Amino acid sequence: MDPSQEPTGRLSDEEFRQFLSLLRRYLHHDLDQWELLVTQREFGPAYAVFANKLPEGWPEEMFRPF
């Protein structure tokens with residue numbers, strides 16, 4: 001999708017549920033070892049880290065299960 005045509009604003013509750021469902025599917029079936037992503041936002045970059053191993057020094061309690 002052309003970025004200029006992407007919907008803007010917060011996700012609806014249904015969109016958020018769909019996002020989590022697709023993310024779960026991706027993590028179960030497509031993630032190999034890790035995926036490191038960055039996207040630019042109005043207030044600077046946002047980073048996403050997906051990994052098969054908890055990063056060293058990161059407590060598991062800081063993660064929210066879904």
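Below, each value reflects all heavy atoms present in this structure, side chains not excepted, and no hydrogens, waters or symmetry copies. No experiment lies behind these values; they were computed from the predicted model shown.
Summarising the local packing, CZ of Phe19 is surrounded by 12 or fewer heavy atoms from other residues, nucleotides or ligands at distances under 6.0 Å.
Nearest heavy-atom pair, Leu31 versus Trp34, reported as atom, atom and distance to 0.1 Å: CD1-C, 3.7 Å. Across all their heavy atoms, Leu37 and Glu35 have their closest contact at CD2-OE2, 3.6 Å. Heavy-atom minimum distance, Glu15 versus Arg10: OE1-O, 4.0 Å. A pairwise comparison of heavy atoms in Pro59 and Leu54 identifies C-CD2, 4.3 Å as the closest pair.
A distance of 9.5 Å separates CZ of Phe66 from OG of Ser21, quoted to the nearest 0.5 Å. One finds the CD atom of Gln18 at 10.5 Å from the CG atom of Leu20 (value rounded to the nearest 0.5 Å).
Applying the side chain to side chain donor-acceptor pair (under 3.5 Å) test to every pair with at least one member in residues 41-60, sequence neighbours left out, gives no pairs at all.
The side-chain hydrogen bond (donor to acceptor under 3.5 Å, both in side chains) check on Glu14 picks up Arg17, with sequence neighbours excluded.
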Leu22 and Arg25: side chain to side chain contact (heavy atoms under 4.5 Å, CB included), yes or no, with the steps?
-> CA-CA 5 Å; Leu22 292 170; Arg25 194 166 112 201; 4.1 Å; yes
